[in-house]
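Counting begins at 1 with the first residue of the sequence. These numbers come from the heavy atoms of this one structure, side chains and all, not from hydrogens, waters or symmetry mates.
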Amino acid sequence: MFFIHPTTAILSSVVTLAEAAPYLIQQDYAAYTLEQHAVWAELVSRRMPQLHEHAAQEYLDGSEYIGLKHDQLPNLSEISSRLEPRTGWNTTPVSGFMPGPAFFEMLAARKFPTTTWLRSRESLEYTPEPDIFHDVFGHVPMHAHPVFADFLQHYGQLCAAQTDEAMLERIGRIFWYTVEFGLIRQGGKIKVYGSGLISSNGECTNVINGGCAIRDFDIDEVLRTPVKVDEMHKLLFAIDSFEQIYEALRVTEERIEEGTLLD
Ligand SMILES: [Fe+2]
């Protein structure tokens with residue numbers, strides 16, 4: 001029989017998250033007000049009609065799987081207790097913006113850094129920094145998909161091993177055009193799975209209404225396309241399956257090892 005002493009387990013998790021440790025917090029669920037739960041419900045009810053029609057099936061299945069509630073803010077430990085047995089991912093509360101090494105270290109450990117604050121009713125459409133609606137409603141349902149789950153961990157491992165800023169910026173384009181603004185072809189239609197599209201009515205409507213060119217996901221083109229954060233997208237990329245983005249990471253890793261990624 002194998003037994004890990006609890007202290008050993010705690011110590012090993014602290015060692016694993018050396019960079020991220022200062023940012024880890026507890027979610028004080030009881031402190032959320034009725035108004036905050038009402039704002040959450042309003043945000044969800046504004047997004048769901050469009051998502052039922054235009055979100056990837058894997059996103060919709062994932063939101064059911066994790067037990068996302070439409071009328072109450074999510075309890076992160078309850079979500080993790082559903083997610084962990086399926087893909088090993090944990091939805092881990094953090095204090096806010098994290099530097100790259102801490103962020104990548106958490107992804108590599110299958111812990112998704114999740115903010116706990118919620119935007120106010122005055123800024124339902126936009127927040128300059130991610131809040132719990134973007135992080136949980138936008139991101140976490142996809143963590144229930146086994147291939148996406150492996151892809152995200154692998155991305156974290158790849159970035160955690162890099163120190164060169166130009167290299168990280170280039171690899172970051174993969175994250176942007178998949179995890180944040182990814183599209184997938186399903187049933188002859190374009191569906192959204194990136195959290196920036198899932199959680200934003202404006203960005204999603206821009207794609208649906210043809211405001212944005214959509215090309216087949218091609219790792220060379222993705223790596224050549226810089227990220228612009230201050231305007232609606234004019235170009236995004238559609239995959240055919242999540243295996244495709246996992247394979248794209250493998251190709252990227254090979255190029256890093258060959259020293260050809262920035263060529
Ligand atoms: Fe995000």
Side-chain angles (χ1 to χ4, degrees), residues 40 43-44 46-48 50-66 68 70 73-74 76 79-80 83 87 89-94 96-98 103-104 106-107 110-119 123-145 147-156 159 171-184 186 190-208 212 214 217 222 227-229 232-233 236-239 242 245-246 249:
W40 173 271
L43 286 163
V44 173
R46 287 160 67 111
R47 292 301 298 127
M48 283 321 290
Q50 193 176 53
L51 294 179
H52 277 307
E53 199 176 342
H54 297 285
Q57 192 58 47
E58 290 82 351
Y59 170 83
L60 297 170
D61 292 347
S63 67
E64 292 272 319
Y65 192 86
I66 65 170
L68 205 58
H70 288 197
L73 276 140
L76 302 187
I79 287 186
S80 294
L83 201 50
T87 62
W89 274 87
N90 181 289
T91 305
T92 309
V94 298
F97 176 79
M98 300 173 79
F103 182 74
F104 301 136
M106 288 190 70
L107 296 187
R110 291 192 187 241
K111 292 181 189 297
F112 190 73
T114 306
T115 47
T116 59
W117 71 281
L118 180 68
R119 68 193 70 183
S123 48
L124 289 180
E125 262 304 308
Y126 176 75
T127 58
E129 282 190 32
D131 68 343
I132 191 170
F133 183 70
H134 173 86
D135 284 342
V136 177
F137 185 85
H139 279 282
V140 176
M142 287 306 302
H143 303 171
H145 186 263
V147 178
F148 187 92
D150 289 349
F151 160 79
L152 191 56
Q153 182 195 23
H154 193 185
Y155 177 85
C159 292
I171 308 170
R173 297 175 187 184
I174 302 175
F175 188 92
W176 188 260
Y177 292 115
T178 60
V179 177
E180 292 291 347
F181 287 94
L183 304 171
I184 186 167
Q186 288 181 336
I190 292 289
K191 305 278 181 164
V192 304
Y193 69 88
S195 63
L197 298 166
I198 293 284
S199 64
S200 164
N201 187 58
E203 289 281 4
C204 194
T205 302
N206 178 50
V207 170
I208 292 164
C212 165
I214 298 168
F217 185 93
V222 167
V227 165
K228 290 185 183 164
V229 295
M232 287 280 176
H233 287 89
L236 289 174
F237 301 96
I239 58 175
F242 290 102
I245 56 174
Y246 191 88
L249 274 190

Open item on the list: Under the rule for side-chain hydrogen bond (donor to acceptor under 3.5 Å, both in side chains), what residues qualify as partners of H139, not counting sequence neighbours?
Closed with: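 Checked H139 against side-chain hydrogen bond (donor to acceptor under 3.5 Å, both in side chains); matches are H134, E180, S195.
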- [ ] Please identify each residue that fulfils ring-ring contact (aromatic ring centres under 6.0 Å, His included) with H54, with sequence neighbours left out.
- [x]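 Per chain and number, H54 pairs via ring-ring contact (aromatic ring centres under 6.0 Å, His included) with no residue.
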Open item on the list: Checking F217 now: which residues fulfil ring-ring contact (aromatic ring centres under 6.0 Å, His included) with it, not counting sequence neighbours?
Closed with: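 Testing F217 for ring-ring contact (aromatic ring centres under 6.0 Å, His included), a comparison that skips the adjacent residues, returns none.
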- [ ] For residues Y155 and F175, establish whether the separation of their ring centroids is below 6.0 Å.
- [x]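 Yes, the ring of Y155 comes within the 6.0 Å limit of the ring of F175, centre to centre.
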Whether the side chain of [X] engages the backbone of [Y] through a donor-acceptor N/O pair (distance < 3.5 Å, no angle test) should be reported.
{"X": "T205", "Y": "G202", "answer": "no"}
{"X": "T87", "Y": "H143", "answer": "yes"}
{"X": "W89", "Y": "A149", "answer": "yes"}

Please report the closest heavy-atom contact between [X] and [Y], naming both atoms and the distance.
{"X": "W117", "Y": "P130", "result": "NE1-O, 3.1 Å"}
{"X": "C204", "Y": "R47", "result": "CB-NH2, 3.4 Å"}
{"X": "P113", "Y": "L107", "result": "CD-CD2, 4.1 Å"}

Open item on the list: Within the structure provided, determine whether V179 and F151 are in side-chain contact (heavy-atom separation under 4.5 Å).
Closed with: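 They are in contact (side-chain heavy atoms under 4.5 Å apart), so the answer is yes.
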Open item on the list: So L43 and R119, do their side chains get closer than 4.5 Å, heavy atoms only?
Closed with: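 Yes. Closest side-chain heavy atoms under 4.5 Å.
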Task: Positive for ring-ring contact (aromatic ring centres under 6.0 Å, His included) with H154, one of Y246, F104, F148 - done: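 Of all the options given, the one that passes is Y246.
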Task: Ring geometry between F133 and F137 (parallel below 30°, tilted from 30 to 60°, perpendicular above 60°) - done: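 Because their plane-to-plane angle is under 30°, the rings of F137 and F133 count as parallel.
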- [ ] On the 0 to 90° scale, with breaks at 30° and 60°, tag the F181-W176 ring pair as parallel, tilted or perpendicular.
- [x]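 Answer is tilted, since the angle falls between 30° and 60°.
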Open item on the list: We want to know whether R110 and N90 form a side-chain donor-acceptor pair, criterion being a heavy-atom distance below 3.5 angstrom.
Closed with: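 Looking only at side-chain atoms, N90 and R110 do not form any donor-acceptor pair under 3.5 Å.
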Open item on the list: If we count only N and O atoms by modelled type, under 3.5 Å, do the side chains of T115 and D135 hold a donor and an acceptor together?
Closed with: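 On atom types as modelled, these side chains qualify, holding a pair under 3.5 Å.
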